[in-house]
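Below is one structure, written out as structure tokens, with a few remarks after it.
Hydrogens, waters and symmetry mates play no part in the numbers below; they use all other heavy atoms, side chains included.
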Amino acid sequence: MTRISLSAMRPPLWRLFLDLAEQGSLSKVSMLRDMAQPQLSRQLAELESHCGGPLFIRHGRGMHLSELGRWALPRVQAWLAQTEQLANDLRSGAGMPIGEVRIGTMPSAVRPLLCPVLARAKTLYPLVRISVREALDSQMDDGLHNAKFDLAIRYLHPQNLKSSDKVLRQVDTFLVGPVGDALTRQKTVAFSALAPLNLVLPCRPNSWRDNLDNLARAQGFSLPVALEADSLTIQKEMVMHGGMHTLLGPMALQDALQQAQLQASKIVTPELPRMMALTTRPGLVETLAQQVIAALIVDTAQSLTSGV
């Protein structure tokens, strides 16, 4: 099999080969290109030298393809077509979002926020590949610092917000109880009312837990955590069937409240606002793909209904 050196794989040389194969004459190609015939002859000689044999048989009336030339012709035509298509694609892609965006998200944001984002991104940015992982609060920092996530959708306490964080919305915190529970039948409930309850809350380490513990101590009691569970399903099931209470944001409650499976009362005195925020990996220089997906998340979050 003929071995062609990499230095020969220059599209201009092979376009000359195609022109000569079509015209059958150096003089005709010289006229079409408005180039001196000796210059074309040198280019053809260079190409044939790289190929290790003649591509054309010369005769009195011009030239025709050699056996090597006939073998090369369809392959060169296909290769140049692919090369030109790639160049067109790259020109079209310049300025377009291309590449992968890795998102970590709290489970409660998947259905109301992230699924609409994914649907819109597929239409608007078809060259962007998105990978999504559900993550708990305790996993968010690790995922960001270890570059598992480029972006993270999470709850943050206002005092933990950084200048680079994008606030998607502020939400209240609700005490969640079983259907028929007298305490959560009320529209609001004081934080101090948590003191005698059996709570199911996320496992440590958890900055949200730290904030709740500090607030409870300031009010003279210890937070009564009967069960730790890093699972929304377990938390809600233990409220519905285990005689416990939990604390959740509105997005985690929507479906259960609509189906009359749970009750929820806004915590006051003090209120416990949390910021649903979009955070980025430390030191990340955002690509265009990451920028447009982040903007899409922010835009979609603004359209969400507020409250419970």
Notebook entry, point to check: Can you tell which of Glu46, His50, Gln43 makes a side chain to side chain donor-acceptor pair (under 3.5 Å) with Arg10?
Noted result: Glu46
What is the minimum heavy-atom distance between [X] and [Y], and which atoms define it?
{"X": "Ala135", "Y": "Pro107", "answer": "O-CD, 3.6 Å"}
{"X": "Met140", "Y": "Ala152", "answer": "SD-CB, 3.8 Å"}
{"X": "Trp14", "Y": "Cys51", "answer": "CH2-SG, 3.6 Å"}
{"X": "Pro224", "Y": "Leu194", "answer": "CG-O, 3.0 Å"}
{"X": "Pro97", "Y": "Tyr125", "answer": "CG-CD2, 3.6 Å"}
{"X": "Ala216", "Y": "Leu223", "answer": "CB-N, 4.0 Å"}

Quick one: does [X]'s side chain have a donor or acceptor within less than 3.5 Å of a partner on [Y]'s backbone?
{"X": "Asn160", "Y": "Leu156", "result": "no"}
{"X": "Arg209", "Y": "Pro205", "result": "no"}
{"X": "Ser49", "Y": "Ala45", "result": "no"}
{"X": "Asp34", "Y": "Ser30", "result": "no"}
{"X": "Arg154", "Y": "Thr279", "result": "no"}
{"X": "Arg185", "Y": "Gly180", "result": "yes"}
{"X": "Glu271", "Y": "Val268", "result": "no"}
{"X": "Asp230", "Y": "Cys203", "result": "yes"}
{"X": "Ser265", "Y": "Gln186", "result": "yes"}
{"X": "Asp165", "Y": "Leu161", "result": "no"}

Any chance you could measure [X], atom [atom1], to [Y], atom [atom2], to the nearest 0.5 Å?
{"X": "Leu212", "Y": "His157", "atom1": "CG", "atom2": "NE2", "result": "8.5 Å"}
{"X": "Thr269", "Y": "Gln219", "atom1": "OG1", "atom2": "CD", "result": "8.0 Å"}
{"X": "Met251", "Y": "Arg169", "atom1": "CE", "atom2": "CZ", "result": "6.5 Å"}
{"X": "Lys166", "Y": "Ile297", "atom1": "NZ", "atom2": "CD1", "result": "9.5 Å"}
{"X": "Leu247", "Y": "Ile267", "atom1": "CG", "atom2": "CD1", "result": "4.5 Å"}
{"X": "Leu227", "Y": "Asn198", "atom1": "CG", "atom2": "CG", "result": "10.0 Å"}

Between [X] and [Y], is any pair of side-chain heavy atoms under 4.5 Å apart?
{"X": "Asp255", "Y": "Gln259", "answer": "yes"}
{"X": "Leu262", "Y": "Val179", "answer": "no"}
{"X": "Leu47", "Y": "Leu55", "answer": "yes"}
{"X": "Met106", "Y": "Met276", "answer": "yes"}
{"X": "Thr105", "Y": "Val110", "answer": "yes"}
{"X": "Lys148", "Y": "Arg281", "answer": "no"}
{"X": "Leu199", "Y": "Thr246", "answer": "no"}
{"X": "Ser131", "Y": "Glu100", "answer": "yes"}

Does [X] share a hydrophobic cluster with [Y], counting links as ILVMFWY side-chain heavy atoms below 4.5 Å and allowing steps through other members?
{"X": "Leu26", "Y": "Met35", "value": "yes"}
{"X": "Leu13", "Y": "Trp71", "value": "yes"}
{"X": "Leu80", "Y": "Leu16", "value": "yes"}
{"X": "Leu278", "Y": "Leu136", "value": "no"}
{"X": "Leu197", "Y": "Met240", "value": "no"}

Next item on the list: Dump the intermediate steps for side chain to side chain contact (heavy atoms under 4.5 Å, CB included) on Glu228 and Gln235, then the final yes or no.
Entry: CA-CA 9 Å; Glu228 292 184 327; Gln235 291 174 24; over 6 Å; no
Next item on the list: Run the numbers on Leu32 and Gln23 for side chain to side chain contact (heavy atoms under 4.5 Å, CB included), then give the verdict.
Entry: CA-CA 10 Å; Leu32 288 172; Gln23 298 298 325; 3.6 Å; yes
Next item on the list: Applying side chain to side chain contact (heavy atoms under 4.5 Å, CB included), run through Leu73 and Leu65 and close with a yes or a no.
Entry: CA-CA 9 Å; Leu73 181 63; Leu65 288 169; 3.9 Å; yes
Item checked: Salt bridge Arg58-Glu48, side-chain N to carboxylate O under 4.0 Å -> yes
Note to self: With a 4.0 Å cut-off on N to O distance, would you call Arg274 and Asp172 a salt bridge?
What the structure shows: no
Note to self: With ring-ring contact (aromatic ring centres under 6.0 Å, His included) as the rule and sequence neighbours excluded, what pairs involving residues 190-248 come up?
What the structure shows: Phe191-Phe221
Check: Stepwise, does the side chain to side chain contact (heavy atoms under 4.5 Å, CB included) test hold for Val128 with Val101?
Finding: CA-CA 7 Å; Val128 175; Val101 181; 3.9 Å; yes
Check: Excluding sequence neighbours, so at least two apart, what forms salt bridge (charged side-chain N to carboxylate O under 4.0 Å, His left out) with Asp181?
Finding: none
Notebook entry, point to check: Who are the ring-ring contact (aromatic ring centres under 6.0 Å, His included) partners of His64, not counting sequence neighbours?
Noted result: His59
Note to self: One pair to check against salt bridge (charged side-chain N to carboxylate O under 4.0 Å, His left out): Asp19 and Arg33. What are the steps and the verdict?
What the structure shows: CA-CA 10 Å; Asp19 287 347; Arg33 293 190 170 202; 2.8 Å; yes
Margin query: Could you tell me if Arg102 sits above the aromatic ring of Phe149, with its cationic atom closer than 6.0 Å to the ring centre and no more than 45 degrees from the axis?
Written below: no
Item checked: Other residues, nucleotides, ligands: >12 heavy atoms within 6.0 Å of Gln291 CD -> yes
